[in-house]
Number of protein chains: 2
Amino acid sequence: MEPTDTAVPVHGDARRGMGRVTMQQVAAEAGVSVSTVSKVINDRYGVASETSRVVTEVIERLGYEASLVARSLRNRRTNVIGVLVADFEPFSTEVLKGAADAIRGTGYELVAYSAGGRVDAHVGWERRYLSRVMGTLVDGAVLVTPTITEVQYEGPIVAVDPHTGPSDLPTVTADNLGGARLGVDHLIALGHRRIGMVTGRPDLVSAQLREQGYRDSHAAAGIPVDEQLLAAGAFEPEPARAAARSLLELADPPTAIFAANDLSALATLEAAAELDIDVPGRLSVVGFDNIPESALAHPPLTTVQQPIRQMGREAISMLVTLITGDHVVEEVHVSLDTTLVVRRSTAAPGGAS
Amino acid sequence: MEPTDTAVPVHGDARRGMGRVTMQQVAAEAGVSVSTVSKVINDRYGVASETSRVVTEVIERLGYEASLVARSLRNRRTNVIGVLVADFEPFSTEVLKGAADAIRGTGYELVAYSAGGRVDAHVGWERRYLSRVMGTLVDGAVLVTPTITEVQYEGPIVAVDPHTGPSDLPTVTADNLGGARLGVDHLIALGHRRIGMVTGRPDLVSAQLREQGYRDSHAAAGIPVDEQLLAAGAFEPEPARAAARSLLELADPPTAIFAANDLSALATLEAAAELDIDVPGRLSVVGFDNIPESALAHPPLTTVQQPIRQMGREAISMLVTLITGDHVVEEVHVSLDTTLVVRRSTAAPGGAS
DNA sequence: CTGTTAGCGCTTTCAG
DNA sequence: CTGAAAGCGCTAACAG
């Protein structure tokens with residue numbers, strides 16, 4: 001057959017409007033073989049300088065660039081690092097920004113991949129994504145908030161804020177327990193005694209730790225926990241809103257609510273608004289994450305900050321070390337500190353300023 | 001090298017710790033040929049239900065998932081849409097969030113690609129990226145803030161906020177001229193008469209339009225423009241900071257500064273802080289973009305909002321239409337409205353409240 | 001119903 | 001110094 005023919009004239013800028021230029025076309029146009037073109041591109045020895053010049057000129061003229069896919073399939077190394085996310089939402093995009101910061105100067109490129117909330121994007125997406133891209137498209141991967149860490153997969157992988165228990169994977173997390181304590185202690189210091197909590201997904205350790213922090217703070221302050229004041233929010237806006245509502249409609253409602261993440265806190269703010277409850281006048285709200293959106297809320301949200309971008313940076317640098325394998329990564333599990341960001345959604349109970 | 005051998009026995013869960021599972025291994029394990037496996041995976045007709053069952057079981061057990069790369073290379077359609085960005089920064093990640101919103105339910109997956117500030121990532125990155133991925137990895141692409149739109153490339157491509165003049169590419173932009181007028185009119189309405197501007201990259205139309213809006217607002221208000229009050233910021237933090245400083249150190253400094261984008265406005269805020277100039281007491285600052293970070297600034301930034309996420313959504317929906325080709329895209333150039341978001345960085349001149 | 005074969009675009013021996 | 005050929009993992013004819 002004669003597929004990558006010279007039937008279509010490719011001289012001059014006649015290629016305007018054509019599809020991708022392949023190496024075949026470059027070769028044909030330059031009057032050499034594809035392997036020669038490949039050698040020129042990859043700076044291999046054994047190409048006459050004149051040939052090289054001609055080929056380079058054709059490449060330039062046709063705007064040729066090697067297909068990432070074809071190259072990846074052939075080569076073991078791709079010089080591309082993958083960031084695998086369940087969805088592009090505030091948390092994962094912050095991680096991405098951090099990853100981009102850290103990738104500079106390493107010579108790697110970054111590909112972020114998401115099945116984007118496809119129906120089948122349930123627990124276990126990370127394993128499928130990994131299989132799809134590892135070893136072919138990317139040299140290593142950062143898993144953002146994976147729900148399982150049992151990837152039993154050999155290769156350079158780092159998990160950021162994994163939602164499940166400890167694993168063999170190197171991980172980067174924030175101090176969930178300490179962060180929750182920071183948030184609830186703040187509320188207690190303000191004078192709150194009936195503090196509700198919109199919890200996260202019960203199957204995720206991060207959620208469990210945040211709840212544990214809530215309990216620890218109460219214990220430390222000698223305040224008994226009223227189990228009625230815990231409502232399941234699942235880290236998602238809708239369940240969280242319902243949970244907040246149920247708490248606020250209690251006969252003896254809480255004067256403050258600690259939400260397991262900012263998305264839940266934002267939903268709590270909405271629920272309060274619907275019920276015409278002033279925040280922070282009659283209700284204080286504390287979130288967790290400090291996603292950029294939390295500062296835009298009304299009122300701006302007091303929240304526990306995770307250094308998300310730094311987590312992304314950390315993950316990339318661990319990953320690059322793993323890939324290049326210069327030396328062993330010392331700390332397999334990195335935990336970064338959380339801090340409290342006090343904004344306008346918290347105040348002393350009873351409307352006292 | 002003989003990496004993907006069958007030398008390593010693959011029965012049972014012996015694969016723990018191995019690299020990617022390939023179709024070969026699945027086939028071997030199931031005792032069938034690769035084409036049969038392929039047929040099972042792609043639901044092709046002509047496979048005995050028993051065979052299908054066995055193969056499915058093996059796939060499950062081995063955790064096999066087809067390589068995106070190999071599949072892409074073979075197929076014309078990949079069901080993946082690419083978002084090509086120069087870097088993952090606030091603007092592009094907002095677009096990404098919008099793209100993710102819009103991708104849901106379309107059956108497409110999303111891949112975001114960035115060379116991540118590599119040294120050679122100068123003007124023209126979009127052409128190279130496009131060549132790398134179009135036609136192989138992705139079915140279509142969204143170009144975020146490309147510096148050239150002369151891609152002369154056949155295929156489904158949509159540009160978001162292109163920095164250069166009109167092109168044949170479908171584009172999604174915000175109303176830069178109107179937005180700039182909004183921002184500067186606000187300053188003028190507040191009583192400012194000496195308004196400086198930290199301009200953007202002179203080669204980009206978006207920057208030119210914002211400067212034009214600045215001039216138009218002055219003209220409309222009958223205020224002459226003092227050319228001394230325009231300083232080049234290039235859309236980048238460092239140059240912008242220097243530009244702001246030079247403005248503020250003028251013998252007769254401006255009482256307000258309009259920055260060509262939020263990054264520049266944030267840098268202006270920093271410059272003011274360094275010079276111990278109170279904002280908004282002695283200086284008002286208006287930005288452009290309304291990236292999430294602008295609300296976190298001190299003081300929170302008054303800025304012209306571009307509906308960035310919506311731009312991402314719009315781009316994806318245009319692209320999907322282009323790809324499926326059901327019907328022609330009616331509006332090739334979509335321009336979305338900008339709005340003014342007044343926060344705390346602007347006030348009347350002279351410290352008057 | 002199943003396996004064999006021929007590539008997708010590229011890199012890499014290995015002959016010429 | 002250059003090109004022919006093999007093959008990365010997969011799919012799509014086409015035989016058996």
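All chains are named by letter (A, B, ...) in the order of the sequence lines, taking the proteins before the strands, and each is independently numbered beginning at 1.
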Problem set entry | Salt-bridge present (E29(B), R61(B); N to O < 4.0 Å) |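 Counted as a salt bridge, because a side-chain N and a carboxylate O are separated by less than 4.0 Å.
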Exercise. Counting only non-hydrogen atoms, which of residues 30-39 of chain B are less than 4.0 Å from DNA chain D?
Worked result: S35(B), S38(B)
Exercise. Counting only non-hydrogen atoms, which of residues 47-56 of chain A are less than 4.0 Å from DNA chain D?
Worked result: V47(A), A48(A), T51(A)
Problem set entry | Any pair counted as salt bridge (charged side-chain N to carboxylate O under 4.0 Å, His left out), so long as it reaches residues 42-52 of chain A, sequence neighbours left out | E50(A)-R53(A)
For this session: Ignoring backbone atoms, test whether Y64(B) places a side-chain nitrogen or oxygen under 4.0 Å from the OP1 or OP2 oxygen of dC10(D).
Result: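 Yes.
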For this session: Tell me yes or no: between the side chains of T136(A) and S72(A), is some donor less than 3.5 Å from an acceptor?
Result: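 No, no side-chain donor-acceptor contact under 3.5 Å.
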Problem set entry | For K97(B), side chain to side chain contact (heavy atoms under 4.5 Å, CB included) partners two or more places apart |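 Checked K97(B) against side chain to side chain contact (heavy atoms under 4.5 Å, CB included); matches are P90(A), T93(A), E293(A), E94(B), R309(B).
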[X] has an atom [atom1]; how far is it from atom [atom2] of [N], in whole Å?
X: Q24(B); N: dC8(D); atom1: CD; atom2: C1'; value: 10 Å
X: R71(B); N: dC10(D); atom1: CZ; atom2: C1'; value: 8 Å
X: L73(A); N: dC8(C); atom1: CG; atom2: P; value: 13 Å
X: L68(A); N: dG9(C); atom1: CG; atom2: C1'; value: 12 Å
X: R76(B); N: dC10(D); atom1: CZ; atom2: C1'; value: 16 Å
X: M23(A); N: dG3(D); atom1: CE; atom2: C1'; value: 12 Å
X: M134(B); N: dC8(C); atom1: CE; atom2: C1'; value: 17 Å
X: N75(A); N: dT13(C); atom1: CG; atom2: P; value: 11 Å

For this session: Would you please name every residue forming a side-chain hydrogen bond (donor to acceptor under 3.5 Å, both in side chains) with D139(A), sequence neighbours left out?
Result: R77(A), T78(A)
Exercise. Counting N and O atoms only, with roles assigned by atom type, does the side chain of T321(B) sit under 3.5 Å from a partner on the main chain of S317(B), one being a donor and the other an acceptor?
Worked result: yes
Problem set entry | Passing option when M318(A) is tested against T171(A), V172(A), I323(A) for side chain to side chain contact (heavy atoms under 4.5 Å, CB included) |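 Exactly one pass, corresponding to V172(A).
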For this session: Before giving the answer on salt bridge (Lys or Arg N to Asp or Glu O under 4.0 Å), spell out for R71(A) and E65(A) the whole-Å C-alpha distance, their side-chain angles and the decisive distance to 0.1 Å.
Result: CA-CA 11 Å; R71(A) 180 174 275 179; E65(A) 194 77 23; over 6 Å; no
Quiz: residues 31-39 of chain A side-chain donor-acceptor pairs under 3.5 angstrom, not counting sequence neighbours:
unit_1	atom_1	unit_2	atom_2	d
S33(A)	OG	S35(A)	OG	3.0
S33(A)	OG	T36(A)	N	3.4
S33(A)	OG	T36(A)	OG1	3.2
S38(A)	OG	N42(A)	ND2	3.4

